[in-house]
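Notes follow once the structure below has been shown.
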Amino acid sequence: MQLTEAHLADLRTHGYIIVEGFADPAELKAAQDALWTLFPTPEAYFADPAVHAKFAKSQFAGIKLFPYNTPAIDALVTNPDLVDAAERFLGTDDLEIYKVELWAKYAGAIDYDQAMHRDYGNHTIVTPDTDLPPVQMTTFMLLSDVGPDDGPTHIVPVEHTADIAISPMLLGDTSLHDKAVPFTGPAGTILIYSPHVFHRGTNFRRADASRFVVSVDFNVRGAPWRGKMSWPDRALYPGWTDALAAMSPRARRLFGFPAPGDAYWTPRTRADVGARYPAMDMTPYR
């Protein structure tokens, strides 16, 4: 679904929004079915957690990075309504996707409780300038239903934190816990927020619970001090070639791919890139 101006106004006012029904139902169902090519189903995991001991190594052991070699999940990353929301919130179409993570959590695998924190610690090597218009937008989309007992992220509206200095990024007390709003909802619900907004992960309160989300983060292009992932580093991973070939030129540009009309494109580079990506339609780059 396309976000309304009211959604974006709430995002600017509170630092976050939670919107149910964001994902297209058919695309969501295809992505959910594809999850089990990447992660154990909840039934398989809870039948023998010891077989899946890797999820006990850290809170973040269930994270997988883009690409996924799974078209149904790869397609969520450049969902046109998601890109539209980023362009309108950040006020430009000169954007890049700087992080994509698929994250699975299973109750009992490890302690998922976190302190209140801001995400900018590994999204920039400086600090956010909250006096200027936003330049980064972070998102989580639920791929499973999440209720209060399913380890939801808790996020704090910025009106409760305006007097807290931007640094340090981690709070050592629980003073904001009672101000936090749980990110719950049916699969397809999206959370959009800015990296300076306080939030935290929480523990499961059901022994058979699990949670699956995809996170896609956007950045206004041109600031080398912001970012997280290097896409050329991922370009040799299985699925990259198919994922880029399936994208529109606009979506490819979000990963740093040269736009149509860029000086990079010559008869020689078009031929060479076409050879590297045989399924890609090179017509827009002529």
Side-chain angles (χ1 to χ4, degrees), residues 18 23 28-77 82 97-119 121-123 138-155 170 182-193 195 199-217 228-230 233-234 237-240 243:
I18 296 171
L28 175 64
K29 177 61 165 57
Q32 290 174 311
D33 291 343
L35 276 175
W36 318 131
T37 67
L38 301 169
F39 298 113
T41 64
E43 293 78 12
Y45 177 86
F46 290 113
D48 192 353
V51 172
H52 309 288
K54 66 180 181 180
F55 293 99
K57 291 181 179 179
S58 82
Q59 290 186 348
F60 311 104
I63 289 178
K64 290 185 182 290
L65 305 179
F66 182 88
Y68 302 109
N69 202 19
T70 307
I73 295 177
D74 291 339
L76 290 179
V77 173
L82 182 60
I97 289 175
Y98 71 90
K99 188 204 77 176
V100 181
E101 295 176 344
L102 191 64
W103 196 351
K105 292 183 177 182
Y106 300 90
I110 199 166
D111 183 356
Y112 289 108
D113 197 60
Q114 295 176 335
M116 278 292 177
H117 64 279
R118 290 162 158 151
D119 271 348
N122 57 0
H123 292 231
T138 52
T139 74
F140 283 104
M141 187 189 301
L142 298 182
L143 300 183
S144 57
D145 297 346
V146 173
D149 297 331
D150 300 322
T153 298
H154 284 200
I155 191 158
L170 187 73
F183 171 35
T184 58
T189 301
I190 196 168
L191 165 68
I192 301 177
Y193 64 102
H199 63 286
R200 71 185 190 97
T202 65
N203 260 325
F204 292 96
R205 298 189 303 201
R206 290 194 300 117
D208 61 347
S210 56
R211 193 198 76 164
F212 302 88
V213 301
V214 62
S215 173
V216 184
D217 298 348
K228 188 172 183 181
M229 298 175 67
S230 171
D233 181 60
R234 306 294 300 172
Y237 280 69
W240 175 267

Pairs involving residues 31-46, ordered by first then second residue, that meet salt bridge (Lys or Arg N to Asp or Glu O under 4.0 Å) (sequence neighbours left out): K29-D33

task: Taking all non-hydrogen atoms of both residues into account, name the closest pair between F66 and Y68 and its distance.
output: N-OH, 3.3 Å

task: Determine yes or no for a side-chain-to-main-chain donor-acceptor pair under 3.5 angstrom, with S215 supplying the side chain and E101 the backbone.
output: no

field: Check: H154 main-chain N/O paired with R200 side-chain donor or acceptor under 3.5 Å
entry: no

- prompt: Does K105 make a cation-pi contact with F204 (under 6.0 Å, within 45 degrees of the axis)?
  reply: no

message: Minimum heavy-atom separation for P182 and I18, please, with both atom names.
response: O-CD1, 3.8 Å

query: Mind checking whether D150 and R211 have side chains closer than 4.5 Å, heavy atoms only?
result: no

- prompt: Where the side chain of N203 meets the backbone of G151, is there a donor-acceptor pair that is under 3.5 Å apart?
  reply: no

- prompt: Is the side chain of D113 donor-acceptor paired with the backbone N or O of T202 at a distance under 3.5 Å, no angle test?
  reply: no

message: Between F39 and H52, is the ring centroid distance below 6.0 Å?
response: no

field: Pairwise distance CG(N69) to CG(D74) - rounded to 0.5 angstrom
entry: 7.5 Å

- prompt: Which atoms form the tightest heavy-atom contact between Y98 and P195, and what is the distance?
  reply: OH-CG, 4.3 Å

Residue pair L82, I190: steps toward the side chain to side chain contact (heavy atoms under 4.5 Å, CB included) verdict: CA-CA 10 Å; L82 182 60; I190 196 168; 3.7 Å; yes

query: Of the non-hydrogen atoms in P40 and A44, which two are nearest, and what is the gap between them?
result: CB-CB, 4.4 Å

- request: Apply the test side chain to side chain contact (heavy atoms under 4.5 Å, CB included) to residues L102 and L143: give CA-CA distance (whole Å), side-chain angles for both, the deciding distance (0.1 Å), then the verdict.
  value: CA-CA 10 Å; L102 191 64; L143 300 183; 3.7 Å; yes

field: Interatomic spacing from CH2 in W103 to CD in Q59 - rounded to 0.5 Å
entry: 6.5 Å

- request: Measure the OH-CZ distance between Y106 and F212 for me, rounded to the nearest 0.5 Å.
  value: 3.5 Å

- request: Measure the spacing between NZ of K99 and OG1 of T139 and express it to the nearest 0.5 Å.
  value: 7.5 Å

field: Side chains of V216 and I97 in contact at under 4.5 Å (non-hydrogen atoms)
entry: yes

task: Go through the steps to decide whether D217 and H123 satisfy the test side chain to side chain contact (heavy atoms under 4.5 Å, CB included), and finish with yes or no.
output: CA-CA 9 Å; D217 298 348; H123 292 231; 3.1 Å; yes

message: Please evaluate residues T153 and H199 with respect to the criterion side chain to side chain contact (heavy atoms under 4.5 Å, CB included), reporting the C-alpha separation (whole Å), side-chain torsions for both, the decisive distance (0.1 Å), and the verdict.
response: CA-CA 7 Å; T153 298; H199 63 286; 4.2 Å; yes

- request: Using a 4.5 Å cut-off on heavy atoms from C-beta on, say whether the side chain of Y237 contacts that of L65.
  value: no

Rounded distance [0.5 Å steps], OG1 in T138 versus CG in L191: 7.0 Å

- request: Name the orientation class of the two ring planes belonging to F55 and Y45 (parallel below 30°, tilted from 30 to 60°, perpendicular beyond 60°).
  value: perpendicular

field: Over all atoms of both residues, closest heavy-atom pair of L28 and A23
entry: CB-CB, 4.2 Å

- request: Identify the heavy atoms of L38 and K64 that sit nearest to each other, and give their distance.
  value: O-CE, 3.0 Å

